[in-house]
Amino acid sequence: MKFNIVKKGYDIAEVDKHIKELEKKIEEFKEKEDAITNAMVNSQVAANNIIKNAEMAAVEMHEDMVSIVNNIFSSIDSQKNIVKSFQEDYQALINRYLKTPEGKDFQNIYNSLNELESYLIELKRD
């Protein structure tokens with residue numbers, strides 16, 4: 001801005017008018033600065049809330065996943081117990097019906113057959 005030169009310096013009315021315009025612009029800049037500051041503060045608060053909510057959700061998801069994994073471990077243990085019980089029952093059944101005879105078992109059979117044979121020989125004589 002260029003001021004007109006008068007007798008003893010610049011025109012006071014022009015300078016005062018220019019100062020008022022500058023003050024108005026400064027006030028506009030301050031208002032914009034306040035708006036920007038408020039927007040930044042609000043953005044920071046919103047960002048903090050988003051982070052806090054995300055952290056809380058992550059903790060909740062982690063707790064849910066730990067619970068699910070623990071349930072899976074429990075289910076695996078239960079299935080192992082079922083399989084073990086089946087194996088024991090199956091082995092007991094096999095042992096009950098497919099018992100391998102020992103030498104003394106065969107000897108008992110031979111003894112029984114010999115006794116029967118002797119008995120029949122005695123009957124035949126009579």
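- Atom CD of E60 has 12 or fewer heavy atoms from other residues, nucleotides or ligands within 6.0 Å.
- Atom NZ of K30 and atom CG of D34 lie 9.0 Å apart (nearest 0.5 Å).
- Annotation: salt bridge (Lys or Arg N to Asp or Glu O under 4.0 Å) contacts of E33 (sequence neighbours excluded): none.
- Between the side chain of S118 and the backbone N or O of N114 there is at least one donor-acceptor pair closer than 3.5 Å.
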Inset, instruction - Starting from the C-alpha separation in whole Å, work towards a yes-or-no answer on side chain to side chain contact (heavy atoms under 4.5 Å, CB included) for I51 and E55. - result: CA-CA 6 Å; I51 291 169; E55 287 172 345; 3.6 Å; yes
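- Here N70 contributes atom CG and M65 contributes atom CE; the two are 11.0 Å apart, rounded to the nearest 0.5 Å.
- To the nearest 0.5 Å, the span separating NZ on K24 from CD1 on I26 amounts to 13.5 Å.
- Side-chain contact between V41 and Q44: absent, with no pair of heavy atoms (C-beta onward) separated by less than 4.5 Å.
- For the atom pair K32 NZ and K25 NZ, the distance stands at 10.0 Å (nearest 0.5 Å).
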**Asked** Would H18 and E21 satisfy side chain to side chain contact (heavy atoms under 4.5 Å, CB included), going step by step from the backbone distance to the final call?
**Response** CA-CA 5 Å; H18 186 67; E21 289 174 11; 4.1 Å; yes
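- Cluster membership for V83 and I94, using ILVMFWY side-chain heavy atoms within less than 4.5 angstrom, is not shared.
- M40 and V45 fall into different hydrophobic clusters, defined by Ile, Leu, Val, Met, Phe, Trp and Tyr side-chain heavy atoms under 4.5 Å apart, directly or through other members.
- Side-chain atoms of S43 come within 3.5 Å of backbone N or O of A39 as a donor-acceptor pair.
- Counting only distance, with no hydrogens or angles, the side chain of S112 and the backbone of N108 share a donor-acceptor pair below 3.5 Å.
- One finds the CG atom of D77 at 12.0 Å from the NZ atom of K84 (value rounded to the nearest 0.5 Å).
- Taking CG of N48 as the reference point, atom CG of N53 lies at 11.0 Å (rounded to 0.5 Å).
- No side-chain donor-acceptor contact under 3.5 Å links N111 and E115.
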